[in-house]
Amino acid sequence: MAQSITEDSIRAALADRLKASHVEVQDMSGGCGQAFTSLIVSPEFAGKNSLKRHRLVNAALKDEIAQIHAWSARCQTPEEYEKERAATGGNDGPPLDGTAGGEVTGVSQ
Amino acid sequence: MFARTILSRQLLRPAFAAPVAARTSFLTSIQARFLSDQTRQAIDKAVSSAPVVLFMKGTPETPQCGFSRASIQVLGMQGVDPAKFAAFNVLEDNELRQGIKEYSDWPTIPQLYIDKEFVGGCDIIVSMHQSGELAKLLEEKQVLAVESEGAEEEAAKKE
């Protein structure tokens with residue numbers, strides 16, 4: 001029986017499996033551990049388009065994603081992350097599009 | 001924007017034979033996991049039914065999930081031609097709902113296909129919209145509504 005999925009467990013899995021230098025994970029399900037959004041910064045994304053980056057993440061988190069209802073990600077290389085931080089004086093963080101104030105609405109997966 | 005006719009239920013709900021009891025559980029689990037030929041063919045057809053196809057929860061008029069709603073909003077903002085767009089409601093058909101995830105090798109819904117190629121889910125759609133990549137792709141594929149006086153007059157006449 002898989003252990004429950006939490007922001008920390010996903011963060012650890014991403015850092016470990018994707019050699020991510022920076023990971024932000026947010027629970028969008030009001031603490032239910034059912035929907036997560038993330039910002040992942042890893043050099044492994046270099047040279048890959050958006051879809052390929054997402055597929056890399058999906059493959060790395062295959063077991064976790066299969067158990068939850070919603071998953072969003074923003075995948076950046078360390079260079080892109082630094083650029084965004086310099087430009088906006090901060091980072092936009094995990095994508096919250098489609099949520100209502102950071103929480104998932106509507107029918108589950 | 002209106003939804004194209006959703007594939008008839010007959011097409012998307014193939015008659016599933018009941019699993020034979022004599023088979024080993026290993027075989028049955030493989031069968032259950034892989035897409036049946038019929039479902040695959042039905043999805044093939046759905047994906048080719050229009051230049052822009054969105055598999056979503058609910059309909060474009062009444063999305064049943066925030067991510068599906070956001071995706072429809074983006075496509076609307078981009079000005080996709082309704083005549084070149086088809087939406088399929090996975091909530092109407094459980095086989096479609098599970099099948100499309102195997103078919104696209106993508107775990108979540110909504111799922112956007114442009115010109116039969118998988119583009120991505122909500123967060124990819126939104127980020128491509130923000131970067132201008134989506135507008136470029138839609139223009140390339142010539143699926144945007146043409147803004148000409150002729151077209152507007154025609155639309156007005158139809159109403």
Side-chain angles (χ1 to χ4, degrees), chain A residues 5 10 24-26 28-30 34-40 45 48-76 80-81 83-84 87-88 91-109, chain B residues 29 32-33 54-60 62-75 77 89-94 96-102 104-115 117-134 136-137:
Chain A
I5 299 170
I10 294 188
E24 282 175 45
V25 179
Q26 205 174 306
M28 305 188 274
S29 56
Q34 286 303 307
F36 295 91
T37 180
S38 63
L39 168 66
I40 309 165
F45 294 141
K48 296 187 172 73
N49 72 13
S50 204
L51 185 59
K52 290 204 181 81
R53 294 182 186 191
H54 275 77
R55 286 210 189 271
L56 195 63
V57 173
N58 288 357
L61 288 181
K62 202 163 190 173
D63 294 325
E64 286 83 353
I65 292 180
Q67 296 175 59
I68 60 183
H69 290 319
W71 170 254
S72 280
R74 190 208 301 258
C75 312
Q76 293 181 314
E80 289 165 357
Y81 178 61
K83 224 166 125 191
E84 198 175 285
T88 62
N91 188 280
D92 283 343
L96 293 176
D97 327 288
T99 64
E103 282 199 15
V104 174
T105 58
V107 181
S108 72
Q109 200 155 278
Chain B
S29 69
R33 218 191 151 264
L54 184 71
F55 294 92
M56 62 182 293
K57 292 182 178 172
T59 64
T62 41
Q64 293 291 305
C65 123
F67 304 109
S68 290
R69 180 184 294 111
S71 307
I72 280 287
Q73 278 174 347
V74 166
L75 293 176
M77 275 194 266
N89 182 359
V90 305
L91 298 179
E92 282 201 345
D93 188 314
N94 213 39
L96 174 61
R97 187 172 176 174
Q98 298 313 314
I100 192 65
K101 293 177 194 172
E102 284 268 351
S104 316
D105 189 21
W106 190 262
T108 52
I109 286 159
Q111 295 187 7
L112 179 66
Y113 276 82
I114 296 181
D115 203 11
E117 246 185 73
F118 181 65
V119 173
C122 175
D123 41 8
I124 292 185
I125 294 171
V126 172
S127 75
M128 282 176 73
H129 166 63
Q130 288 169 341
S131 70
E133 257 183 274
L134 186 61
K136 201 162 138 230
L137 179 59

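All chains are named by letter (A, B, ...) in the order of the sequence lines, taking the proteins before the strands, and each is independently numbered beginning at 1. Everything quoted here is computed from the prediction, not taken from an experiment.
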Atom group of B:V74 that falls short of 4.5 Å from chain A, counting heavy atoms: neither
List the residues meeting salt bridge (charged side-chain N to carboxylate O under 4.0 Å, His left out) with A:E64, not counting sequence neighbours, and say none if there are none. A:R17
Kindly write out the residues that satisfy side chain to side chain donor-acceptor pair (under 3.5 Å) with B:S104, not counting sequence neighbours, or none if the list is empty. B:Q111, B:Y113
Interatomic spacing from CZ in A:R55 to CZ in B:F118 - rounded to 0.5 Å: 5.5 Å
Let me confirm one number: the OG1-CG distance from B:T108 to A:N58, rounded to the nearest 0.5 Å. 7.0 Å
Interatomic spacing from OG1 in A:T105 to CD in B:Q64 - rounded to 0.5 Å: 10.0 Å
Find the distance between CD1 (B:I124) and SG (A:C75) and round it off to the nearest 0.5 Å. 7.5 Å
Do A:P95 and B:S127 have side chains that get closer than 4.5 Å, going by heavy atoms? no
Crowding at NZ, A:K48 (>12 non-hydrogen neighbours, <6.0 Å): yes
With a 4.5 Å heavy-atom cut-off, do B:D123 and A:W71 have their side chains touching? no
Using a cut-off of 6.0 Å, state whether more than 12 heavy atoms not belonging to B:E117 lie near its atom CD. no
So, the part of A:D97 with a heavy atom under 4.5 Å from chain B: the answer is both
